[in-house]
Structure formats: structure tokens, C-alpha cells
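Here's the structure we're looking at; comments come further down.
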There are 2 protein chains.
Amino acid sequence: MIPIKQGQGEHHVCSAEFAMAVRDTLDVISGKWKLPILGSLINGKKRFKELQKDIPRITARMLSKELRELEMNQLVKRTVYDTIPATIEYEKTPYGCSLDKVLFEMKEWGTQHRKRIIHKGKLKAE
Amino acid sequence: MIPIKQGQGEHHVCSAEFAMAVRDTLDVISGKWKLPILGSLINGKKRFKELQKDIPRITARMLSKELRELEMNQLVKRTVYDTIPATIEYEKTPYGCSLDKVLFEMKEWGTQHRKRIIHKGKLKAE
DNA sequence: TATATCGGTATACTAGAGTATAGCAAAAAC
DNA sequence: GTTTTTGCTATACTCTAGTATACCGATATA
């Protein structure tokens, strides 16, 4: 048995809290359709059917569900206009924009990571 | 029909590429155990059993699987020492540390988001 | 001989995320 | 009438992430 030892880690609460906070953010933006939806709303307000047309292959069920979650997290605002048939608009809130910094960092890292890893055939080239 | 219209969004390729890059990052760090593992490796090298002890309730199967993924993404390095029984050490790579900026932003946002949302009873208080 | 340790793998299961399809109410256009 | 539009919901399914449990070979320890 070789004496390999070094930094025999006490593991602090800190790390668990860190993980929780990161996971909270993760929960808000993960799911197959949240990013496409937020992406589509960058260009301004959109109605339900517009979002559907904008996001290929999304089902009404998923669009509805994800919009509801985004709304609960206050990233998206839903406005109902009393027309017939009902007009309902979705838009990114200012708070939703507070995520931009996070998303920007993730985009930067993801971009370079793809370049780095793609050569070894790990990521789907698409 | 009320003429509600404004920013009739042409939707660019840009947004899809953005979503892809963010998702690449998401794929690397999501999964139930990746953050706890990276957290445990902050304190230095660890052996398999040490990680198991450090991360309550993780199964050998998941630990092994997640470590393999982290290794494929070059965030973690696996070193085999020719002892008996074999000694195997895992450690965060310098490249793994390049994620720190992203994780920091996610932690910051997640922390304030929990404070913001918890009052409305959306997040599990834990 | 039996048991423990190390670093896992194999097999089978469960639960949750996502899909597919049909339908609804109310009015408008044909 | 019948069909179309809007913004969804209900039901049933599939597929994948994660869990539970047992086991492996080699060696050391009792």
C-alpha cells in the first residue's frame, strides 16, 4: 500500500450549500424546451401559437407546462387580453433578463467546450 | 381581434446556436451527482471509496458512471497506481476549474433566486 | 476456512420527463 | 350547418435517469 494521501478533505457545509444554489439555477433553466422558449421571447412578446410555430416539434402540452414553470419563477409574464377568442401574450420579465449573465457564461463555456471535445468525438456533431 | 403586434420576430439561427451552447454546458454539469462529486474533489484527490463516504446515498453504479462522464469531459482525471489492491485516484483537472466561473454565476443567481421565490412557497424550503 | 477491502459491473426495477393524440368552449368565416 | 381559430387540458403511452441488489477477482486479515 503506497502512502498516497494529501488534503484529507474535511467536507464542509459550504459545499452542500453551493451545490444547492447551483442546482436551484439548474432547475430553473433545465428541461428540454426552456431555452428555446426564452430564446424565442428575446425578440419580444409572443402569443401561444406564435411560440408553437417558432419552436419546431414542441407540443402544446409541453409549451403550456414550461411556460407555467417559467411564470412561477417570474422569468416570464403572462398577460390575458379580453378579446374573443382570448389573446394571451407571453414576454420575458426584467427579472428574466437577470439570468442573461449566467446564460452568457454558460454559452461561452459551452462553445469552447464543444470545440475542445468535438475532435475526440464525444459530442454529437450536428 | 385586437391588433396586438410588435416586434414580429424573425427568429435567427443565432438563438438556436446559443441554446445549443448553453445546453452543452448544461449536459456537462447536470445529473443528480455531478455537483456533489466536483464539490468533494475541491479538497483534493480522492479515492473511489472516499468519494462514496463523502457523498451520502450515492450508489457505486452512479458514482462510477458520473465519474466516467466527468472524465470524458476532461473535468476529472483518473489515475491508477499499480498497488494491490489497485489504488485509483480522482482529481479535478485545471480544465475542470475553468467551469468555476460558470458555477459561481449559477451559485450567485440561485442564491438570490431562492431568497426571492421562497416567500411564495415555490422552492422546497429544506 | 471465512470474512473484509478495493473498485467497480450486471441485472432488474421505479419514477419522472417527455410524446402522441384527442378534445373543449366560444365565436367567426364559409 | 361545418369548419377554423385560440389556448389550452386529459389520457395514455414511451423512454431515460436514477435506484436496489447482488456479484466479481485478487489479496489481506482473523
Side-chain angles (χ1 to χ4, degrees), chain A residues 1-5 8 19 23 26-38 40-41 45-73 76-91 124, chain B residues 1-5 8 19 23-24 26-38 40-41 45-73 76-91 123-124:
Chain A
M1 212 210 301
I2 287 179
I4 300 161
K5 215 171 293 181
Q8 64 283 21
R23 188 167 310 285
L26 231 32
D27 288 344
V28 169
I29 60 179
S30 61
K32 186 168 177 183
W33 301 107
K34 298 239 177 68
L35 293 174
I37 291 170
L38 290 175
S40 175
L41 291 178
K45 305 177 178 189
K46 290 269 169 70
R47 298 176 62 178
F48 192 88
K49 277 286 198 286
E50 291 179 293
L51 285 166
Q52 270 196 94
K53 278 169 204 148
D54 220 27
I55 304 167
R57 287 177 300 282
I58 195 170
T59 61
R61 172 165 146 75
M62 285 312 288
L63 181 52
S64 165
K65 188 169 155 275
E66 301 283 68
L67 281 170
R68 230 178 301 137
E69 279 180 42
L70 291 168
E71 201 195 346
M72 287 194 316
N73 282 311
V76 161
K77 186 177 157 220
R78 183 185 132 115
T79 312
V80 181
Y81 295 91
D82 192 16
T83 58
I84 285 168
T87 300
I88 293 165
E89 281 189 341
Y90 296 93
E91 63 188 307
K124 50 214 159 190
Chain B
M1 211 208 304
I2 288 180
I4 299 160
K5 216 172 289 182
Q8 63 284 21
R23 186 166 311 285
D24 282 344
L26 230 33
D27 288 343
V28 168
I29 60 179
S30 60
K32 186 168 177 182
W33 301 107
K34 300 243 176 65
L35 293 174
I37 292 169
L38 290 175
S40 175
L41 291 179
K45 306 178 178 189
K46 291 270 171 67
R47 297 176 63 179
F48 192 88
K49 277 286 196 285
E50 290 179 295
L51 285 166
Q52 271 196 91
K53 277 170 206 150
D54 221 25
I55 305 166
R57 287 177 299 283
I58 194 170
T59 60
R61 172 165 143 75
M62 286 312 288
L63 181 53
S64 166
K65 187 168 155 275
E66 302 283 70
L67 282 170
R68 232 177 299 134
E69 279 181 42
L70 291 170
E71 202 195 346
M72 288 195 313
N73 283 311
V76 161
K77 186 177 157 216
R78 183 185 130 115
T79 312
V80 181
Y81 295 91
D82 192 17
T83 58
I84 285 167
T87 300
I88 293 165
E89 281 189 342
Y90 295 91
E91 62 187 308
L123 292 168
K124 50 212 158 196

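Values in this document were obtained by computation on a predicted structure and should not be read as measured data. First the proteins, then the strands, lettered A, B, ... as listed; each starts at 1.
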- [ ] Could you tell me the separation between the CD1 atom of Ile88(B) and the C1' atom of dG25(D), rounded to a whole number of Å?
- [x] 13 Å

Task: Arg78(B) side chain vs Arg68(B) backbone, donor-acceptor pair below 3.5 Å - done: no

Open item on the list: Donor-acceptor check, side chain of Ser30(A) to backbone of Leu26(A), threshold 3.5 angstrom: yes or no?
Closed with: yes

TODO: Check whether any side-chain N or O of Thr87(B) sits under 4.0 Å from OP1 or OP2 of dG7(C), and answer yes or no.
DONE: no

TODO: Provide the closest heavy-atom pair for Tyr90(A) versus Leu41(A) in the form atom of the first, atom of the second, distance.
DONE: O-CD2, 3.5 Å

- [ ] State whether Tyr81(B) places a side-chain N or O below 4.0 Å from either non-bridging phosphate oxygen (OP1 or OP2) of dC6(C).
- [x] no

- [ ] Verify the contact: side-chain N or O of Lys32(A) to OP1 or OP2 of dT19(C), cut-off strictly under 4.0 Å; return yes or no.
- [x] yes

Open item on the list: Nearest whole Å is fine: how far is dA20(D) C1' from Trp33(B) CH2?
Closed with: 13 Å

TODO: Would you classify Arg61(A) as touching base, sugar-phosphate or nothing, given that sugar-phosphate means primed atoms plus P, OP1 and OP2, and contacts are heavy atoms under 4.0 Å?
DONE: base

- [ ] Could you tell me the separation between the NZ atom of Lys49(A) and the P atom of dT4(D), rounded to a whole number of Å?
- [x] 13 Å

Open item on the list: Measure CD/Gln52(B) against P/dA4(C) and give the value in whole Å, please.
Closed with: 16 Å

Open item on the list: Rounding to an integer number of Å, can you tell me how far Glu50(B) CD sits from dG8(C) P?
Closed with: 13 Å

TODO: Send over the distance from Lys46(B) NZ to dG7(C) P, rounded to a whole Å.
DONE: 13 Å

TODO: Verify the contact: side-chain N or O of Arg68(A) to OP1 or OP2 of dG7(D), cut-off strictly under 4.0 Å; return yes or no.
DONE: no

- [ ] Specify the separation, in whole Å, of atom CD1 of Ile37(A) and atom C1' of dG7(D).
- [x] 14 Å

- [ ] May I ask you to say what Ala86(A) touches in the nucleic acid, namely base, sugar-phosphate or nothing, with a heavy-atom cut-off under 4.0 Å?
- [x] sugar-phosphate

Task: Over all atoms of both residues, closest heavy-atom pair of Leu51(B) and Ser40(B) - done: CD2-OG, 3.4 Å

- [ ] Give the rounded distance in Å between these two atoms: CE of Met62(A) and P of dA17(C).
- [x] 9 Å

Task: Shortest side-chain distance from Tyr90(B), nucleotide among dG8(C), dC8(D), dG18(C) - done: dG8(C)

TODO: Locate the shortest heavy-atom distance separating Lys34(A) from Ile29(A); write the atom from each residue and the value.
DONE: CB-O, 3.7 Å

Task: Atom of Gly31(A), atom of Arg23(B) and distance for their closest heavy-atom approach - done: O-NH1, 3.8 Å

- [ ] Would you name the heavy atoms of Leu63(B) and Ile37(B) that are closest together and state the gap between them?
- [x] CD1-CD1, 3.8 Å

Open item on the list: What contact category does Arg57(B) fall into here, base, sugar-phosphate, or nothing, at under 4.0 angstrom with non-hydrogen atoms?
Closed with: nothing

TODO: Specify the angle, to 10°, made by the local axes at the two ends of the helix from dT1(C)-dA30(D) to dC30(C)-dG1(D) when five pairs are taken at each end.
DONE: 30°

Task: Per Lys65(B) side chain, nearest of listed nucleotides dG7(C), dA27(C), dG18(D) - done: dG18(D)

